[in-house]
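Structure record follows, encoded as structure tokens.
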Amino acid sequence: MLLRTRISFIVTLTIAFICASIVFVGLQREQLIKNQYAVESSNNQATLWSKVSLGIIEEMEDSTSLILDNTALIRAVEAQDSAILQELGREVAASLTRTPTVDRLDIVYSDGSIAFSSLPSVFQSAPISPDIAATFIRNDSIAAGISNDMNRNAYLVYGFPIRTDSNRPIGMAIFSTDILTVITEMENVTDSRVIFVNRRGRLISAIDSSLWRTFYDQVDLDDLKTVQTVNVENQHFSITVLEQKTDLSGLIGRIIFAKDISQLIASQEAISRPSAIIISGLIVLFLVSLYIYMSRAFAPLSESVSVLDALSKGDLQAQTEEANTDNEVGQISDAINVFRDNLLALNRYRRLRERQQARQKRFIIKEMTSLSDTLDGDEREEIIEQLEKIRAIVHEDPEAADRQQQIIRKIKSTDDQDIQKEPDSLAMMALAFQHMSGRVQDAMHTKEELSSIQKELDIATRVQQSLVPENLDISKQFNAAGFMTPAKEVGGDFYDMFRLDEHRIGVAIADVSGKGVPAALFMVMARTLLRSKVFHINSPATVLEHMNDYLEQNNNEQLFVTLFYGILDEKQGTLTYSTGGHNPPIVSDKNGTRVLEQTEGAVLALINDIVFKEECVALEDNSRIVFMTDGVPESFNKNGEAYGDDRTLQTIESLRPGQTPEEDIKHLIDSVESFVQEAPQFDDITCVILHYKKDRHELTGDHDD
């Protein structure tokens with residue numbers, strides 16, 4: 001690269017760095033202002049929400065006389081006379097309908113249990129939980145705020161104690177208004193759309209519920225300190241999230257304020273784009289002008305550069321013409337001629353010195369050859385190859401110092417300081433000798449580490465094999481056998497079969513994403529979780545739902561597992577199952593060979609709250625049920641061709657009647673290995689085969705008395 005090009009490049013980088021610094025400082029300043037605005041906006045919106053809520057509560061407080069002045073109602077609460085309470089409660093509720101801020105009336109006894117509710121429901125529940133209501137009644141205090149009943153209806157409530165003539169609290173009256181009232185008032189005050197959701201994003205209340213469905217995937221509900229921006233159908237909204245907590249129930253939600261800022265964004269883009277084009281054009285114009293100036297200013301140096309280039313290639317005859325030494329260019333030309341004379345003298349000295357070092361080179365090579373004999377295998381072959389290259393250098397022309405330096409650079413490419421020095425063949429060979437000594441030590445240390453790692457992998461393999469059930473002979477009607485071979489020392493597949501009760505058997509097979517130690521650890525966690533659920537839950541789909549939610553919450557590495565879990569019923573002769581993103585089993589009976597239906601659901605551990613479905617199939621007598629992971633159909637030969645689903649079905653269909661499950665598995669695995677031949681195993685291979693025979697008493701109709 002020419003000097004003028006380098007200088008232009010450096011100046012360009014400097015200008016670009018300055019511009020980037022200005023932009024960075026501006027962006028940081030804008031971010032600080034934005035953060036400050038977000039905090040102030042959140043505080044203002046929180047204050048407005050509190051004022052609106054307090055105003056509605058004060059209006060509800062004005063209606064308390066309808067309860068406190070009703071002596072008959074108070075006596076009915078004290079006597080816990082449900083019939084009279086229902087009649088008087090309806091009268092008061094009818095009077096409250098004239099109050100726009102009270103949508104609902106509830107009366108509870110001193111223990112928090114509900115005495116009357118104006119909300120018709122089969123299973124009535126007050127908007128304040130019984131324990132919390134009882135606490136407020138004992139403390140003779142007011143309960144005000146946001147709460148929800150058991151039907152997840154959210155309200156703004158005002159609860160006040162009901163006292164006897166002796167001022168003894170005997171219950172509580174609760175005025176409630178739908179949270180939508182507060183939301184409507186907030187939208188009128190803030191000119192924004194207000195949405196109330198729970199902390200998991202489930203909609204609780206909103207005027208336009210469809211708007212939240214468009215925001216759901218773009219809003220971070222845990223980001224309470226910034227103003228978020230989302231784009232919905234070419235509309236831009238600024239989003240502010242407030243946390244809403246309450247001491248009256250378990251409701252913890254988020255209040256979302258969405259303001260349309262599409263016009264503001266459009267105005268910003270209309271200003272920023274022309275500005276960026278103008279600034280870019282000015283920078284390009286400046287750089288082009290700089291390049292033209294540098295080209296003209298450095299033109300006299302072209303001859304000097306050409307001579308230096310010839311000298312660097314060994315042409316010591318090149319020299320510059322006489323030049324005027326009154327300026328910098330002439331002084332450079334004179335210095336180049338002096339440099340040429342010095343190179344001639346140095347070349348003569350170097351020839352003499354290299355002849356003296358030839359004997360020393362041969363001695364060092366001899367010692368290096370002896371040292372290489374301490375290595376074995378590929379390490380020794382590599383060192384010998386390098387020695388042969390060094391020997392060739394020693395016997396070649398002593399002028400070839402550049403080739404010597406290239407060889408040493410290959411031997412020890414990390415020692416930049418030594419490579420950048422003036423080529424010294426003896427010093428470079430000494431460096432190679434030192435590096436070879438280090439290679440010998442590294443090789444010995446590597447062998448020790450590999451031996452230690454291999455021992456640990458052997459232990460991990462034995463531990464994983466111990467998790468696989470050795471004996472699947474747990475039923476007279478379901479004769480089973482299993483097979484598993486990992487692609488590495490340890491894998492992510494597993495299968496299991498266990499008795500649930502006297503006539504039901506659980507069977508499972510799974511495949512964790514990936515291979516090796518991470519997949520094996522995740523497999524152990526999934527298998528342990530499965531065993532902890534199946535003995536308490538009778539539905540395969542429910543088992544998968546519980547496992548999925550737990551694994552998703554404890555899955556920092558974003559692994560996932562496909563899982564098939566089924567329940568075999570010996571009495572009914574059925575298989576009830578749920579696939580969980582796994583290959584459904586293949587059934588072979590008198591009706592032919594077929595793949596069972598895939599159930600609704602997905603892989604486990606990635607998304608929570610997934611609903612899984614299950615299917616139930618009746619099994620024919622003398623039928624085979626084949627469970628497997630995708631390691632069987634996805635086994636590849638050396639041509640990249642997969643074993644495939646069709647070939648798998650044909651192999652299962654060709655299994656001879658009368659064979660044991662072990663013989664069936666051997667036939668299937670032999671077919672896969674014959675297809676794959678010498679190609680490396682692509683994935684873990686796991687397979688379980690069951691033979692089902694109906695109870696002989698069922699078939700003959702014989703029964704014990």
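Numbers here are sequence positions counted from 1. Hydrogens, waters and symmetry mates play no part in the numbers below; they use all other heavy atoms, side chains included.
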Inter- and intrachain pairs under ring-ring contact (aromatic ring centres under 6.0 Å, His included), touching residues 527-548, at least two apart
Phe498-Phe535
Taking the side chain as everything from C-beta on, heavy atoms only, tell me whether Ile137 gets closer than 4.5 Å to Val108.
yes
Do Asn538 and Arg504 have side-chain atoms, one donor and one acceptor, less than 3.5 Å apart?
yes
Measuring only between side-chain heavy atoms, which start at C-beta, is Thr214 closer than 4.5 Å to Tyr216?
no
Run the side-chain contact (heavy atoms from CB on, under 4.5 Å) check on Leu472 and Tyr495 step by step: do they pass?
CA-CA 11 Å; Leu472 300 183; Tyr495 67 87; 4.1 Å; yes
Is it true that Arg531 and Asp496 make a salt bridge, defined as a side-chain N closer than 4.0 Å to a carboxylate O?
yes
Arg594: what forms a side chain to side chain donor-acceptor pair (under 3.5 Å) with it, not counting sequence neighbours?
Asp589
With the threshold set at 4.0 Å, does a side-chain nitrogen-carboxylate oxygen contact exist between Arg499 and Glu570?
yes
Phe522 versus Val561: any side-chain heavy-atom pair under 4.5 Å?
yes
Tell me, please, which residues at least two apart from Arg138 pass side chain to side chain donor-acceptor pair (under 3.5 Å).
Thr135
Could you pull out all residues at least two apart from Leu27 that satisfy side-chain contact (heavy atoms from CB on, under 4.5 Å)?
Val23, Glu30
Contacts table for residues 56-73: side-chain donor-acceptor under 3.5 angstrom, sequence neighbours left out:
residue : atom : partner : partner atom : Å
Thr64   : OG1  : Glu61   : O            : 2.9
Asn70   : OD1  : Ala72   : N            : 3.4
Asn70   : OD1  : Leu73   : N            : 3.1

How far apart are the C-alpha atoms of Lys533 and Tyr550, what are their side-chain angles, what is the distance that settles it, and do they pass the side-chain contact (heavy atoms from CB on, under 4.5 Å) test?
CA-CA 11 Å; Lys533 297 294 183 182; Tyr550 180 86; 5.9 Å; no
In Å, rounded to the nearest 0.5 Å, how long is the span from OG1 of Thr686 to CG of Asp493?
3.5 Å
Suppose we screen for side-chain contact (heavy atoms from CB on, under 4.5 Å). Which residues come up paired with Asn231, at least two apart in sequence or across chains?
His236
Just distance, no hydrogens or angles: give the donor-acceptor pairs under 3.5 Å from side chains in residues 168-178, sequence neighbours left out.
residue : atom : partner : partner atom : Å
Arg168  : NH2  : Glu78   : OE2          : 3.4
Thr177  : OG1  : Thr101  : O            : 3.4
Thr177  : OG1  : Asp103  : OD2          : 3.1
Thr177  : OG1  : Thr181  : OG1          : 3.3
Asp178  : OD1  : Leu180  : N            : 2.8

Can any side-chain N or O of Thr528 pair as donor or acceptor with the backbone N or O of Val524 at less than 3.5 Å?
yes
Assess whether side-chain contact (heavy atoms from CB on, under 4.5 Å) is satisfied between Ile162 and Ile107, documenting all intermediate values.
CA-CA 9 Å; Ile162 300 175; Ile107 300 174; 4.1 Å; yes
Sidechain-backbone polar pair: Ser209 side chain, Ala206 backbone, donor-acceptor under 3.5 Å
no
Determine the sole option in Asp511, Asp630, Leu563 for which the side chain to side chain contact (heavy atoms under 4.5 Å, CB included) test with His582 is passed.
Asp511
I'd like to know if the side chain of Gln477 reaches the main chain of Tyr692, judged simply by a donor and an acceptor atom lying under 3.5 Å from each other, with no hydrogens or angles considered.
no
Close side-chain approach of Val603 to Leu606, heavy-atom, < 4.5 Å:
yes
May I ask you to check whether over 12 heavy atoms, not counting those of Glu502, lie within 6.0 Å of atom CD?
no
In the structure I gave you, are the side-chain heavy atoms of Glu597 and Pro584 within less than 4.5 Å of one another anywhere?
no
Residues that Thr599 engages under side-chain contact (heavy atoms from CB on, under 4.5 Å), provided they are two or more places apart:
Tyr577, Ser578, Thr579, Glu615
To the nearest 0.5 Å, what is the distance between CZ on Phe257 and CD1 on Ile183?
9.0 Å
Donor-acceptor under 3.5 Å (Asn548 side chain, Ala605 main chain):
yes
When you measure from the side chain of Gln86 to the backbone N and O of Ala115, does any donor-acceptor pair fall under 3.5 Å?
yes
Decide whether a cation-pi geometry holds between Arg254 and Phe196; the criteria are a distance under 6.0 Å from NZ or CZ to the six-membered ring centre and an angle within 45° of the ring axis.
no
For the residue pair Met525 and Leu521, establish whether any side-chain heavy-atom pair is separated by less than 4.5 Å.
no
Side chains of Asp111 and Ser113 only: does a donor on one sit below 3.5 Å from an acceptor on the other?
yes
Just wondering, are more than 12 heavy atoms of other shown residues or ligands nearer than 6.0 Å to CZ in Arg75?
no
Passes side chain to side chain donor-acceptor pair (under 3.5 Å), Gln45 versus Thr190? Steps please.
CA-CA 8 Å; Gln45 289 169 344; Thr190 62; over 6 Å; no
Is the side chain of Thr226 donor-acceptor paired with the backbone N or O of Gln228 at a distance under 3.5 Å, no angle test?
no
For Ser117, side chain to side chain donor-acceptor pair (under 3.5 Å) partners two or more places apart:
Asp106
Atom CG of Asp191 with >12 non-hydrogen neighbours under 6.0 angstrom
no
Test ring pair (Phe, Tyr, Trp, His ring centres under 6.0 Å) applied to Phe612 - qualifying residues, sequence neighbours left out
none
More than 12 heavy atoms of other residues, nucleotides or ligands under 6.0 Å from CD1 of Ile207: is that the case?
yes
Check against salt bridge (charged side-chain N to carboxylate O under 4.0 Å, His left out), Arg193 and Asp260
CA-CA 9 Å; Arg193 300 184 183 182; Asp260 190 346; over 6 Å; no
Would you say the side chain of Leu85 lies within less than 4.5 Å of the side chain of Val77, judging by non-hydrogen atoms?
yes
Would the distance check show the side chain of Trp212 and the main-chain N or O of Gly201 forming a donor-acceptor pair, the cut-off being under 3.5 Å?
yes
Residue set satisfying side chain to side chain donor-acceptor pair (under 3.5 Å) with Asp140, at least two apart, ordered chain then number -> Arg163
Can you tell me how far the CG atom of Leu568 sits from the OG atom of Ser475, to the nearest 0.5 Å?
8.0 Å
Please lay out, stage by stage, how Ile625 and Ser623 fare under the test side-chain contact (heavy atoms from CB on, under 4.5 Å).
CA-CA 7 Å; Ile625 308 99; Ser623 61; 4.3 Å; yes
In Å and rounded to the nearest 0.5 Å, what is the CG to CZ distance from Leu221 to Arg200?
12.0 Å
Minimum heavy-atom distance Ser141-Pro161, with the two atoms named
O-CD, 3.6 Å
Would you please say whether a donor-acceptor pair under 3.5 Å links the side chains of Thr574 and Asp569?
no
Evaluate whether atom CG of Asp501 has more than 12 neighbouring non-hydrogen atoms of other residues, nucleotides or ligands under 6.0 angstrom away.
yes
Who pairs with Phe494 by ring pair (Phe, Tyr, Trp, His ring centres under 6.0 Å), at least two apart in sequence or on another chain?
none
Answer yes or no: is there a side-chain heavy-atom contact under 4.5 Å between Ile505 and Ile567?
no
